[in-house]
Amino acid sequence: MKTYLFLLSALLYSGFSFAQDIPARWDELVASDFPKALEKSSHTCIFPIGILEKHGPHSPIGTDLIHVREWAAHAVKEEYAVVFPDYFYGQINEARHQPGTFALPSKLIWDLLEATCDEIARNGFDKIIILNGHGGNPEFLEFFMQSLLNKRHNYAVYFYRPQNDAEYTAAFSKMHKSDLGGDQHAGESETSTLLYYRPDLMRMDRATDQSGANQKRSNLPNLYTPIWWYSSYPNHYAGEGGKATKEFGKFITDHEIASFVKALKEVKADTKTLQLQNEFYDRVDNLNK
Ligand SMILES: [Zn+2]
């Protein structure tokens, strides 16, 4: 009888806790739990942004998307927030010569980003934190955010941009095997990260099929051209993915998750940004009154 009662209470308890434990992903929530998700997240939505582009000869086309998806999923286990579903519309014109690249026109990616933020806010979130995984996006994202001051918005957007952590960087450099400066797109670090998150998708036997070395085909140090990346890395591969390990991936991801959780807590507690934005919009509106 005792065992029976124990089992019954365990069952009831697990059922109870299941009902309390709401998913973080927007697409996995039932609508009737949405108010609870808003409250639990302090009206904060994580907006992971990836891309579809070749990642060397060995890592999946959705590497950046998979990276931010996993990163956010791990972070919300420690600090709850709602996570916007898969989004892979960004700036990737420089990889249009490679198979699998999904590069929409610039006006469309701008409008899509603005409309997505507006829709997230219309659903009750007044804080959106962008978690970007793609190296070709920051300039676009920063310009988009500067433009938010052009008209009144009832929400704040935060772009997660971690500062250098000296202690971590020192340990990272020690473990790192390839040339640090050349380790960029699908190189040792990014490949290690994916090897940790999704080893099933990696084709490590192909990592040395192509060169990820800088080809240095143009030399205009003081001038910016749109072809700069292609001139250096025509294989859309920068670094040595073959030197990646799952262990190094765990080291990188443990740090990136912990750092993001810290920022997420700061955003959830922040009221100042919205207050200052409103003060700014009021002054704009009252300029000549
Ligand atoms: Zn990438």
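Each ligand, and each atom within it, is numbered from 1 in the order the structure gives.
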Angle between ring planes, [X] versus [Y], binned at 30° and 60°: parallel, tilted or perpendicular?
| X | Y | answer |
| --- | --- | --- |
| Y87 | F47 | perpendicular |
| F172 | H176 | tilted |
| H74 | Y197 | tilted |

Joint cluster assignment, V68 & F144, ILVMFWY side-chain distance < 4.5 Å |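 No, separate clusters.
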May I ask you to test the Y233-R217 pair for a side-chain heavy-atom distance under 4.5 Å?
->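 Not touching, per the 4.5 Å side-chain cut-off.
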Around the Zn ion (ligand 1), how many protein N, O or S atoms are there at under 2.8 Å?
->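 Every protein N, O or S atom under 2.8 Å from the Zn ion (ligand 1) counted, the figure is 3.
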Partner set under salt bridge (charged side-chain N to carboxylate O under 4.0 Å, His left out) for K268, not counting sequence neighbours =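 Once residues adjacent in sequence are excluded, the partners of K268 under the salt bridge (charged side-chain N to carboxylate O under 4.0 Å, His left out) criterion are E79.
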